[in-house]
Amino acid sequence: MRLLHSGETAGPVRRAALSDLTDDWLRNLFAAATDGTRGISLVAVGGYGRGELSPRSDLDLLLLHSGGDPRRTAALADRLWYPVWDLGLALDHAVRTPAETRRTAADDLKVQLGLLDARHLAGDPALTAALRTTVLTDWRNQAAARLPALQELCADRAARVGELAYLLEPDLKEARGGLRDATALSAVAASWLADAPRAGLADARRTLLDVRDALHLTTGRATDRLALQEQDQVAAALGLLDADTLLRQVYEAARVIAYAGDVTWREVGRVLRSRAARPRLRAVLGGGRAARAAAVRSPLAEGVVEQDGEAGLARGARPERDPVLPLRAAAAAAQAGLPLSPYAVRHLAATAAPLSTPWPAEAREQFVTLLGAGRAAVEVWEALEAEGLITRLLPDWERVRCRPQRNAVHTWTVDRHLVETTVRAAALTRRVSRPDLLLVAALLHDIGKGWPGDHSVAGAVIARDMAVRMGFDPADTNVLATLVRHHLLLVDTATRRDLDDPATVNAVADAVGTVPTLELLHALTEADALATGPAAWSSWRGHLVDDLARRVTARLTGDPAPAGPWSAEPAAPTAEQERLAVEAHRTGGPVLTLSAQHPPTDPADPADPGTEPLGVELLIAVPDRPGVLPAVAGVLATHRLTVRTAELGELALPAVLGTAPAPVLLLRWRVAAQYGALPQGARLRADLVRALDGTLDIAARLAERDAAHPRRRGAAPPAPRVSVAPAASRHATVIEVRAQDAPGLLHRIGRALEDAGVRVRSAHISTLGASAVDAFYVTDSAGAPLTAERATGVAGTLEAALRG
């Protein structure tokens with residue numbers, strides 16, 4: 001126990017000491033169980049064979065014997081294994097002859113990999129030595145067949161578990177860039193066919209092993225998954241500042257291993273292709289000509305050539321005299337869809353002259369060309385980053401490099417998200433007049449996340465400095481700063497504000513300033529959302545952003561905007577709305593319709609993604625009365641319908657009926673089934689009638705369903721927050737709600753607002769992953785905005801209700 005919990009013996013020293021203690025114990029067990037006969041030995045394999053025992057590691061053991069009495073061998077195995085089990089240690093064991101071991105390794109790649117690290121513990125050393133020689137010889141002889149299988153094994157594992165460098169709860173062993181990949185690289189080196197880049201690889205492996213040690217000691221379990229709730233404790237055990245610092249170290253180590261893997265497997269493929277082609281070339285061309293054919297170098301750009309499927313440096317390239325060469329080589333490689341030669345990147349990092357400030361025009365052009373290559377730019381960017389060239393070009397990049405994003409909506413770390421946004425933006429460059437500004441803004445839009453405060457505000461300052469460094473003129477620099485400052489403006493406004501309110505459109509127009517900037521911001525918004533993750537973008541959200549962009553464009557160009565309920569002249573109701581209103585007035589109860597909605601499509605483009613349904617439009621007309629919003633929201637929740645947006649308003653019935661009856665409320669909502677088919681409209685109406693007359697207890701039904709299907713426990717979500725948006729509308733008070741999404745949430749909000757005595761004129765519902773971000777336009781009973789004091793009180797009451 002002193003060994004495990006002593007800070008003086010952490011890391012490799014503790015793992016080696018733990019292995020030594022285990023070795024001595026097993027040797028004593030072996031000595032007590034045998035009479036010293038030859039022809040049998042105890043062998044450590046796998047991680048134990050490498051001497052990498054973590055506090056809760058399995059013991060991987062092989063009892064190797066040359067044959068003889070099987071009962072005697074089995075009895076010896078029992079005398080060895082049972083004491084291990086009695087101590088509660090995990091044991092992976094086997095009893096085999098050398099011939100059986102060799103056959104098993106030939107059939108099972110994982111067994112063969114473990115045997116590559118075989119280490120003699122006790123018994124007959126000659127038997128162990130002979131096995132090691134045989135295993136290594138087989139591995140090298142069969143490398144051409146075994147290495148592709150190993151590569152496929154690594155790829156399958158990465159697809160199943162994910163990439164260690166980006167996961168919020170990473171598996172230190174199984175994820176891509178983890179300990180298993182590091183072991184695979186050692187196996188490739190043992191084949192003598194190729195070798196991994198050595199720079200930083202040993203330190204990266206040590207980092208992951210140290211984190212796994214701390215994880216085992218913190219949890220008391222043999223786990224490789226670094227769960228969120230354990231990261232602070234693991235960080236403290238390692239003497240790190242916080243969990244983010246821990247994750248950054250893990251991510252950095254994973255990237256080193258993953259990059260080494262990419263380079264190594266590319267080299268393996270090149271060697272195997274060369275071996276396969278050599279006999280054919282020799283037969284057709286002769287040996288000398290074959291060698292010359294294999295060395296063909298095709299020019300890609302000034303100082304850059306293609307050879308053996310990689311972009312490298314020409315023989316006459318002089319990086320020390322050509323400061324633009326790193327960017328030119330990167331751009332040429334990405335545009336050609338080729339990886340950068342690791343040797344070329346290393347040489348550029350060591351010898352290239354620094355760029356002047358501001359950058360020369362060619363450097364800026366090559367940088368934009370690199371960014372515009374789309375998906376092919378990612379591998380090239382990673383190669384530049386692995387050798388430190390990115391932070392040399394963009395010093396502020398260091399603050400976002402490997403920075404985790406503790407938000408379930410985000411798939412990537414901050415820096416990789418920026419690169420992914422650039423990839424998405426590259427596909428949208430035909431939509432804008434300045435694709436260079438779009439690509440650079442995509443790369444920089446979250447650059448402020450490495451600084452305190454609002455990342456958009458900080459990012460605009462940093463982006464301005466970086467734009468000047470890159471050599472953009474003052475006008476372009478202002479545009480880039482504006483794009484970074486307001487990169488969330490369109491999506492936040494479209495999903496949380498009433499687009500028919502002139503104040504909404506005016507605020508966006510004032511922030512953006514010009515149509516070309518709006519065009520760039522529109523494309524950046526889409527690229528950013530697509531790069532964030534599947535929860536951040538949808539056809540419906542895109543439709544809202546498109547609608548907002550059209551309205552703001554009309555405002556900036558002076559064209560008339562479409563009329564709406566906030567206009568001086570309200571839009572005339574549709575025939576369907578009139579029909580529903582008349583029926584609701586006639587029956588004195590709710591009437592509704594359900595219909596699928598689709599965004600506008602381009603007839604010339606059959607692949608237009610706008611054909612994807614936006615959801616189902618639910619139109620409800622009901623005589624005005626208290627409790628409509630919570631009743632409708634509650635009924636939808638009981639039928640497992642998710643609300644995407646909600647609009648409420650009064651319909652001018654006198655224009656329809658020629659009389660002056662009580663007003664009729666019209667609710668126009670977008671809904672989608674959580675799973676399964678949509679309910680029938682008749683069932684929805686029946687339940688809504690009961691909810692409005694008080695015979696359907698919605699709260700009780702929701703509670704009963706939750707009790708029958710309790711949600712899984714996980715990390716406690718942040719507490720809900722309710723705030724008043726200042727100056728968001730001249731016609732109503734806007735109350736914003738941010739809370740953990742849950743069935744019945746909108747029902748609870750509606751009931752709390754009803755209890756507060758305010759009227760909801762419209763609601764704008766948005767769900768991002770597990771978070772609900774909703775905005776409610778409310779008025780007093782006379783239809784006027786709330787006073788500041790009352791608005792604050794309503795927000796506080798609503799927040800208390802949601803917390804309770």
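Values below: all heavy atoms of this structure, side chains included; hydrogens, waters and symmetry mates excluded.
Checking side-chain atoms of E799 against main-chain N and O of V722 turns up a donor-acceptor pair under 3.5 Å. A distance-only check finds a donor-acceptor pair linking the side chain of R551 to the backbone of L499 [under 3.5 Å]. Looking only at distances, a side-chain donor or acceptor of T504 sits under 3.5 Å from a matching main-chain atom of D498. Using modelled atom types, no side-chain atom of T477 and backbone atom of R464 make a donor-acceptor pair closer than 3.5 Å. Judged by distance alone, with hydrogens and angles left aside, the side-chain atoms of R541 form no donor-acceptor pair with the main-chain N or O of T495 at under 3.5 Å. For the pair T493 (side chain) and L490 (backbone), a donor-acceptor distance under 3.5 Å is absent. Between the side chain of T411 and the backbone N or O of T532, at least one donor-acceptor pair lies under 3.5 Å. Remark: the backbone N or O of P502 is paired with a side-chain donor or acceptor of N506 at under 3.5 angstrom.
A heavy-atom distance below 4.5 Å is not found between the side chains of R759 and D780. Taking the side chain as every heavy atom from C-beta outward, L592 and L667 never approach each other to under 4.5 Å. Taking 4.5 Å as the limit, some side-chain heavy atom of L418 sits within range of a side-chain heavy atom of V400. Using a 4.5 Å cut-off on side-chain heavy atoms (C-beta onward), T779 and L786 make no contact. Annotation: side chain of R406 is in contact with side chain of D244 (closest heavy-atom distance under 4.5 Å). Taking 4.5 Å as the limit, some side-chain heavy atom of W451 sits within range of a side-chain heavy atom of D396. For the pair L483 and T517, the minimum side-chain heavy-atom distance is below 4.5 Å. At a threshold of 4.5 Å between non-hydrogen side-chain atoms, the residues V545 and E526 do not count as touching.
With rounding to the nearest 0.5 Å, the separation of CZ in R497 from CG in D492 is 8.5 Å. Distance check: F776 CZ to L798 CG gives 7.5 Å after rounding to the nearest 0.5 Å. If you take CG on N478 and CG on L480, they are separated by 9.0 Å, rounding to the nearest 0.5 Å. A distance of 9.0 Å separates OG1 of T525 from CG of L518, quoted to the nearest 0.5 Å. To the nearest 0.5 Å, atom NE2 of residue H522 and atom CG of residue L438 are 11.5 Å apart. Rounding to the nearest 0.5 Å gives a distance of 4.0 Å between CG of L665 and CG of D624.
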Chi angles and distances behind the side-chain contact (heavy atoms from CB on, under 4.5 Å) call for V432, L437: CA-CA 9 Å; V432 299; L437 297 183; over 6 Å; no
Residues H747, V632; criterion side-chain contact (heavy atoms from CB on, under 4.5 Å); working and verdict: CA-CA 8 Å; H747 166 69; V632 174; over 6 Å; no
Verdict with reasoning, W669 to L636, per side-chain contact (heavy atoms from CB on, under 4.5 Å): CA-CA 11 Å; W669 290 17; L636 297 183; 3.3 Å; yes
Full working for side-chain contact (heavy atoms from CB on, under 4.5 Å) between L489 and V512: CA-CA 9 Å; L489 177 64; V512 175; 4.2 Å; yes
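Under the rule for a salt bridge (charged side-chain N to carboxylate O under 4.0 Å, His left out), the partners of R738 that lie at least two apart in sequence or sit in another chain are E736. Every residue meeting the salt bridge (charged side-chain N to carboxylate O under 4.0 Å, His left out) condition with E230, not counting sequence neighbours, appears here in chain and number order: R221. Scanning for salt bridge (charged side-chain N to carboxylate O under 4.0 Å, His left out) contacts around R586 gives E583, with sequence neighbours left out. Annotation: salt bridge (charged side-chain N to carboxylate O under 4.0 Å, His left out) contacts of D446 (sequence neighbours excluded): K449. Among residues two or more places apart in sequence or in another chain, the side-chain hydrogen bond (donor to acceptor under 3.5 Å, both in side chains) test is passed with R424 by none. Legend: residues meeting side-chain hydrogen bond (donor to acceptor under 3.5 Å, both in side chains) with S456, ordered by chain and number and at least two apart, are absent. For R625, the side chain to side chain contact (heavy atoms under 4.5 Å, CB included) partners are V628, L692, not counting sequence neighbours. T245 is linked by a side-chain hydrogen bond (donor to acceptor under 3.5 Å, both in side chains) to D242, counting only residues two or more places apart in sequence or in another chain. Considering only residues two or more places apart in sequence or on other chains, R579 meets the side-chain hydrogen bond (donor to acceptor under 3.5 Å, both in side chains) condition with E576.
Smallest separation of non-hydrogen atoms from A691 and A631: CB-CB, 4.1 Å. In plain terms, the two heavy atoms of G542 and W537 that are nearest each other are CA-CZ2, 3.3 Å. In terms of heavy-atom proximity, A752 sits nearest to A801 at CB-CB, 4.1 Å. In this structure, L548 and A494 approach most closely via the heavy-atom pair CD2-N, 3.9 Å. In this structure, I620 and P590 approach most closely via the heavy-atom pair CG2-CB, 4.5 Å. Residues P623 and A584 come closest through the heavy atom pair CG-O, 3.5 Å.
Listed by first and then second residue, the ring pair (Phe, Tyr, Trp, His ring centres under 6.0 Å) pairs involving residues 479-515 are H445-H487, H455-H487 (not counting sequence neighbours). Counting only residues at least two apart or in different chains, side-chain hydrogen bond (donor to acceptor under 3.5 Å, both in side chains) contacts with residues 680-698 comprise H639-D687, D693-T695. Residue pairs satisfying the salt bridge (Lys or Arg N to Asp or Glu O under 4.0 Å) criterion with at least one member in residues 506-523, sequence neighbours excluded, are listed as follows: D510-R555.
Heavy-atom neighbours of R803 CZ from other residues, nucleotides or ligands within 6.0 Å: above the threshold of 12.
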